[in-house]
Amino acid sequence: MSSSMSSTSATSQLNKTLRSHYLSLPQGGLCQVTYVWIDGSGEGLRSKTRTMESEPSDIEDIPEWIFDGSSTGQAESTKSDMLLVPVRMFRDPFALDNNKLVLCEVLKYDRKPADTNLRHACNKIMEKVKEFHPWFGMEQEYTLLGVDGHPYAWPTKGYPKPQGPYYCGVGADRAFGRDIVDCHYKACLYAGIKISGSNAEVMPSQWEFQVGPCEGIEIADHLWMARFLLHRVCEDFGVIATLNPKPMVGDWNGAGCHTNFSTETTRAEGGLEHIETAIEKLRLHHAEHIRVSDPHGGQDNQRRLTGLHETSNFHEFSAGVANRMASIRIPLQVDLDKHGYLEDRRPAANCDPYAVTAAIARTCLLVEEEEADILTDLEINELE
């Protein structure tokens, strides 16, 4: 690979040793709580911090808060107050103990869910299917970029060597940005996020981390906070993590968020039969799942799901054992064991995990009794 000069942010050049002095100062028993929420794009994350008199012991100890929704694409200026409702608490790997990060739902001034608050509907679905004990694991792919939008460590002119040596690669000519990956992993572990692994991906400067298994709504909560930590770690290093499903045109892999799904029944002896039944249900609702596979009704994912680069065809449903060109993959070991889980390979890297997991749970576990359109329920947050 030829030499390159990746563009990093001015902030990353500030004196971090000086910064660490202030972060180590005692707080006198007070606690910083950083509220994190999804903004009006359905992809971006925002945060702000407040002081509490003592460390909260659980989520009920953290009060609701207000923010200006007109500045986040979530409200008009005339009715701009939006509510942050804490739903899950984590340790703060940046400010350290006893400070906290808290993931929030966003409500409008009238306490109705914000348009991009898909957690509200997802939670209702997960409550309906909790007797099935649905487990999810999500594989978040992302690409590191310089602040100029060019892939990190790629030549400023031309391209790196073709794909082949980068997947799970080791070495200065194959793995780009591992410091970021390692720091993010440790930050997730510290925070209490159920991160289960990471690896370099097929395209150079592309990486993946996995979250789960988690039951029900927990998976999406943990993935969103893991994304927040990724962006914050990248901020410190002066680079960008993009979830663009196809950041580079040409003979380069895209970025997905493969979603693994199982229930108590599929995990039990003879569960493969139930996996196959779930796959047939997913086949019937392929179009609906494509529409919730990214925040723009599938338009982003269409650039990725070409039937090339380990993807299925956008317009056609397929399934197979050990088949990474299929919509749904049954892992080889699952086929051999005759029980386990399925992998939905369609979701894009920038998907909303609330939308994706709610759609899977709805189709596989509720569709026979509720035939209403999945996307409509997720959009209006009105599922009773």
Side-chain angles (χ1 to χ4, degrees), residues 1-14 16 41 43-44 139-185 197-210 227 229-258 293-296 298-314 324-325 345-351:
M1 178 178 292
S2 62
S3 62
S4 62
M5 289 293 292
S6 295
S7 177
T8 57
S9 70
T11 301
S12 67
Q13 307 305 315
L14 294 175
K16 301 301 182 182
S41 70
E43 299 179 70
E139 306 168 19
Q140 179 67 69
E141 294 179 338
Y142 61 94
T143 307
L144 296 176
L145 308 175
V147 291
D148 59 357
H150 192 67
Y152 177 75
W154 281 36
T156 53
K157 296 181 179 179
Y159 296 92
K161 294 177 181 178
Q163 295 182 156
Y166 308 110
Y167 173 69
C168 297
V170 178
D173 61 340
R174 302 179 180 210
F176 312 113
R178 191 184 297 276
D179 286 349
I180 294 167
V181 176
D182 290 346
C183 290
H184 173 251
Y185 202 142
S198 72
N199 59 270
E201 267 301 334
V202 176
M203 189 179 83
S205 300
Q206 184 187 74
W207 295 83
E208 173 185 301
F209 65 89
Q210 302 92 35
R227 287 176 174 179
L229 296 191
L230 176 64
H231 293 309
R232 279 286 282 104
V233 169
C234 285
E235 182 182 321
D236 284 345
F237 281 92
V239 299
I240 295 168
T242 179
L243 305 187
N244 186 334
K246 189 69 174 178
M248 297 300 292
V249 297
D251 193 18
W252 305 104
N253 275 35
C257 192
H258 303 154
S293 68
D294 69 50
H296 302 107
Q299 294 180 31
D300 295 340
N301 215 7
Q302 190 167 12
R303 294 183 288 113
R304 167 179 163 263
L305 296 180
T306 61
L308 302 172
H309 303 112
E310 300 183 68
T311 69
S312 59
N313 186 290
F314 181 82
R324 283 180 166 77
M325 303 291 283
R345 298 179 59 80
R346 295 170 295 180
N350 65 340
C351 72

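Only heavy atoms go into these numbers, but all of them, side chains included; no hydrogens, no water, no symmetry mates. No experiment lies behind these values; they were computed from the predicted model shown.
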Once salt bridge (Lys or Arg N to Asp or Glu O under 4.0 Å) is applied, do any residues pair with Arg304, and if so which ones, sequence neighbours excluded? none

Are His296 and Glu43 packed together at the side-chain level, in the sense that at least one heavy-atom pair is separated by less than 4.5 angstrom? yes

Can you measure from OH (Tyr159) to CE (Met248) and round to the nearest 0.5 angstrom? 5.5 Å

Which distance, rounded to the nearest 0.5 Å, do you find between the CD of Gln206 and the CD of Glu141? 5.0 Å

Using 0.5 Å steps for rounding, measure from the CG atom of Leu230 to the CD1 atom of Ile240. 11.5 Å

Distance-only, no hydrogens or angles: does the Arg345 side chain make a donor-acceptor pair with backbone N or O of Ser312 under 3.5 Å? no

Side chain proximity check, Trp252 to Pro160, heavy atoms < 4.5 angstrom: yes

Side chain to side chain donor-acceptor pair (under 3.5 Å) partners of Glu208, counting only residues at least two apart: Gln210

Hey, could you give me the CG/NZ distance between Leu14 and Lys16, rounded to the nearest 0.5 Å? 5.5 Å

Using the test salt bridge (Lys or Arg N to Asp or Glu O under 4.0 Å), find all partners of Arg232 that sit at least two apart in sequence or belong to another chain. Asp236

Short side-chain to backbone donor-acceptor contact, Ser205 and Tyr152, under 3.5 Å: yes

For Ser12, give me all partners under side chain to side chain donor-acceptor pair (under 3.5 Å), at least two apart in sequence or on another chain. none

Once you round to the nearest 0.5 Å, how far does CD of Gln140 lie from CG of Leu243? 5.0 Å

Is the closest side-chain heavy-atom distance between His309 and Val202 below 4.5 Å? no

Applied to residues 238-250, the side-chain hydrogen bond (donor to acceptor under 3.5 Å, both in side chains) test, sequence neighbours excluded, yields Asn244-Arg303

Considering all heavy atoms of both residues, which atom of Val239 and which atom of Leu145 are nearest to each other, and what is their separation? CB-O, 3.3 Å

Looking only at heavy atoms, the pair that brings Asn199 and Cys168 closest together is CB-SG, 4.0 Å

Mind checking the CG-CE spacing from Leu305 to Met325? Nearest 0.5 Å is all I need. 10.5 Å

What I'd like to find out is whether the side chain of Asp251 reaches to under 4.5 Å of the side chain of Pro162, using heavy atoms alone. no

Would you say that Ser198 contacts Trp207 through its side chain, given a criterion of any heavy-atom pair below 4.5 Å between the two side chains? no

Pro247 versus Met203: any side-chain heavy-atom pair under 4.5 Å? yes

Under a 3.5 Å distance rule, please check whether Tyr142 uses its side chain to pair with a backbone N or O of Phe209 as donor and acceptor. no

Determine the minimum heavy-atom distance between Pro347 and Asn301, stating which atoms define it. C-ND2, 4.1 Å

Can you find a heavy atom in the side chain of Asn253 that is under 4.5 Å from one in the side chain of Glu310? yes

Under 3.5 Å, which donor-acceptor pairs do the side chains of residues 176-185 form with other protein atoms, sequence neighbours left out?
unit_1 : atom_1 : unit_2 : atom_2 : d
Arg178 : NH2    : Gly169 : O      : 2.8
His184 : NE2    : Ala226 : O      : 2.9

